[in-house]
Amino acid sequence: MKTEPDTFSIDDLKTRKVEPWDGVRNYQARNFIRAMNAGDAVMIYHSSCAVPGAAGLGKIAGAPRPDPTQFDPANAHYDAGSDPSDPRWTLVDVRYVRKLRRVITLDAIKALPKLGDFALIRRGNRLSVLPVTDTQWQAILALE
DNA sequence: GCCAACGTTGGC
DNA sequence: GCCAACGTTGGC
C-alpha cells in the first residue's frame, strides 16, 4: 500500500497504531482492498518523495468496510455519485507492525532478479494498492 | 462507442 | 518542475 510520507508516513502509522486507509478512488485498487482479510500482511511503501521505497510493515485490522469520506461533501474524496445503500468505495483499517530497519528503495527492488510480473515496477504504474506474492514479499524483505 | 482533452500519479 | 503513463470526462 502506497502512501506519500509528506502526508502520512510509516512514522505516522506507528503513532496512530491503526489507521483507516481512506480516499482510495481507483476501481482496481478498490478491488484489491475488497479482497483483503483481517490479519493480512501489508507492506507500506513511500511514494512521491526523496527516496521512494518500502518503509514498513502493517497488517489488516478488520474486514473491508465502506469508506465514510465518500459521503462527506466537505471531504476532498467526496463522491456525489455513490449510493449509501451500495457504497462505491471501500477502505480497510491498517495496523502498524514495524518499520523496516532502512527503506528498501525502489531502485533496489527493481534490481531484484526474480520478481516476475509485479505491479509496483510496471511501466507507468499508478496503482496505490497492489498485490504482493509470497515470493516478491520475501525477496524484498531479504534486502532489509 | 470513439477519442481528444484534461487531470492525476509518481519517478526523476 | 518536468514529463510519461494512463484513467476519466464529455462532445459528437
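Convention: sequence-line order gives letters A, B, ...; per-chain numbering from 1.
- Proximity of residues 122-130 of chain A to DNA chain B (heavy atom under 4.0 angstrom from any strand atom) is restricted to A/N125, A/R126, A/L127.
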Candidate pair A/L13 and A/V94, rule side-chain contact (heavy atoms from CB on, under 4.5 Å), full reasoning: CA-CA 8 Å; A/L13 183 60; A/V94 178; 4.1 Å; yes
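- From the 5' end on, the contacts that DNA chain C makes with chain A at under 4.0 Å to a non-hydrogen atom open and close at C/dA5 to C/dT8.
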Distance-only check: which donor-acceptor pairs under 3.5 Å involve side-chain atoms of residues 37-48 of chain A, not counting sequence neighbours?
{"residue": "A/D40", "atom": "OD2", "partner": "A/N37", "partner atom": "N", "Å": "2.8"}
{"residue": "A/H46", "atom": "NE2", "partner": "A/I10", "partner atom": "N", "Å": "3.1"}

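- Using a 30° and 60° split on the angle between ring planes, A/W89 and A/Y27 fall in the tilted class, from 30° to 60°.
- With hydrogens and angles disregarded, a donor-acceptor distance shorter than 3.5 Å links the side chain of A/E144 to the backbone of A/R101.
- Using a cut-off of 4.0 Å between Lys/Arg side-chain N and Asp/Glu carboxylate O, A/R25 and A/D67 are scored as salt-bridged.
- A donor-acceptor contact shorter than 3.5 Å is absent between the side chain of A/D72 and the backbone of A/T69.
- A/L57 and A/L100 make their closest contact through CG-CD2, 4.0 Å (heavy atoms, listed as atom of the first residue, atom of the second, distance).
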